[in-house]
Undergrad: 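Pasting a structure here, questions to come.
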Amino acid sequence: MLRDDHGTARELHERARRLAAEHGFKAGEVYAVIGLGQTARHSGDLAAASDHLHEAAAWYRRTVSAPGYAAVLSELGFIAERKGDPAEAAAYHRQALASARRLGNPLAQATALEGIAGAHLLAGRQSQAAHLLGAAHALRESSGVT
């Protein structure tokens, strides 16, 4: 996915999802669904990305399983940004930030701050965006997470 080979990424995530289901490993299925959502977002298929990520978010809400939930919420925020909706994007990223803070996950916190900054930028609030990007950078730097 990170090399823009979305077809292969999609195939591998589908395979992972199928194998996890065959072995009754629901968390593995959900991780594969997240990968499908991320791949769809990176390839520009926002509808498929949203479907996959909402499926994953629903599982997290049902199981109250926090690890990974912040990433799903951030992904939904990035989709809202791509759709041009700063309010929805900010709402998802704020939820992601709250989840990441509960877990003490600095990478997820920094990603959420970057997402909130993107929502501010989309809304024309460059100063707030710059401040949040600085905070995200400082958090990454202080925690050694890049």
Side-chain angles (χ1 to χ4, degrees), residues 1-123 128-129 132-146:
M1 177 185 72
L2 296 177
R3 284 179 269 179
D4 291 330
D5 186 354
H6 301 124
T8 301
R10 193 172 17 264
E11 289 171 19
L12 291 171
H13 284 110
E14 284 290 357
R15 181 175 178 220
R17 182 181 195 179
R18 195 172 43 255
L19 288 170
E22 288 172 9
H23 293 279
F25 181 40
K26 187 61 179 176
E29 279 185 77
V30 172
Y31 297 145
V33 168
I34 294 168
L36 287 166
Q38 291 172 319
T39 300
R41 181 175 70 83
H42 283 270
S43 70
D45 187 350
L46 301 183
S50 182
D51 289 346
H52 289 304
L53 293 161
H54 279 291
E55 178 184 342
W59 180 79
Y60 279 113
R61 284 190 301 273
R62 283 192 310 274
T63 61
V64 192
S65 180
Y69 191 37
V72 170
L73 292 167
S74 285
E75 285 292 325
L76 288 167
F78 293 134
I79 291 169
E81 284 178 50
R82 293 271 305 267
K83 290 180 177 178
D85 189 336
E88 182 180 4
Y92 277 122
H93 289 304
R94 285 187 186 109
Q95 291 174 47
L97 182 59
S99 178
R101 283 182 172 157
R102 279 192 300 276
L103 290 174
N105 182 333
L107 173 59
Q109 289 177 53
T111 300
L113 289 171
E114 292 159 354
I116 297 168
H120 279 290
L121 191 59
L122 188 60
Q128 293 94 328
L132 289 163
L133 287 174
H137 176 75
L139 181 59
R140 287 179 184 276
E141 204 166 68
S142 70
S143 64
V145 176
T146 58

Undergrad: Taking the six-membered ring for Trp, are Y69 and Y60 parallel (under 30°), tilted (30 to 60°) or perpendicular (over 60°)?
TA: tilted
Undergrad: What distance separates R101 CZ from Q109 CD, expressed to the nearest 0.5 Å?
TA: 6.0 Å
Undergrad: Any ion pair linking E55 and R17 (charged N to carboxylate O, less than 4.0 Å)?
TA: yes
Undergrad: Quick check: does any side chain N or O of H13 sit under 3.5 Å from a backbone N or O of A9, one acting as donor and the other as acceptor?
TA: yes
Undergrad: Give me the atom names and distance for the closest heavy-atom approach of A40 to A49.
TA: CB-N, 3.5 Å
Undergrad: To the closest 0.5 Å, what do you measure between CG (L36) and CG (D51)?
TA: 11.5 Å
Undergrad: Hey, does the side chain of S142 reach the backbone of L139 with a donor-acceptor pair shorter than 3.5 angstrom?
TA: yes
Undergrad: State, to 0.1 Å, how close L53 and G37 come at their nearest heavy-atom pair, and which atoms those are.
TA: CG-CA, 4.0 Å
Undergrad: Are the ring centres of F78 and H93 closer than 6.0 Å?
TA: yes
Undergrad: Taking all heavy atoms of S143 and all of P106, pick out the closest pair and write down the distance.
TA: OG-CB, 3.5 Å
Undergrad: In the structure I gave you, are the side-chain heavy atoms of H42 and D4 within less than 4.5 Å of one another anywhere?
TA: no
Undergrad: Can you tell me how far the OG atom of S74 sits from the CD atom of Q38, to the nearest 0.5 Å?
TA: 10.0 Å
Undergrad: Examine distances only and state if a side-chain atom of S99 and a backbone atom of Q95 form a donor-acceptor pair shorter than 3.5 Å.
TA: no
Undergrad: Rounded to the nearest 0.5 Å, what's the gap from CD1 on I116 to OG1 on T111? Could you check?
TA: 11.0 Å
Undergrad: Donor-acceptor pair, distance only, cut-off 3.5 Å: does the side chain of T39 make one with the backbone of G35?
TA: yes
Undergrad: Can you name the closest pair of heavy atoms from A100 and A108 and give their distance?
TA: CB-CB, 3.5 Å
Undergrad: At their closest point, which heavy atom of Y92 faces which heavy atom of L73, and how far apart are they?
TA: CB-O, 3.4 Å
Undergrad: What is the distance from atom CD1 of I79 to atom NE2 of H52, rounded to the nearest 0.5 Å?
TA: 10.0 Å
Undergrad: Looking at CZ of R94 and CG of L113, how far apart are the two atoms once the value is rounded to the nearest 0.5 Å?
TA: 11.0 Å
Undergrad: Return the minimal non-hydrogen interatomic distance between L76 and A57, and the atom names on each side.
TA: CD1-CB, 4.4 Å
Undergrad: Below 4.5 Å, heavy atoms only, C-beta onward: do M1 and D5 meet side chain to side chain?
TA: no
Undergrad: Would you call R140-E114 a salt bridge at under 4.0 Å N-O?
TA: yes
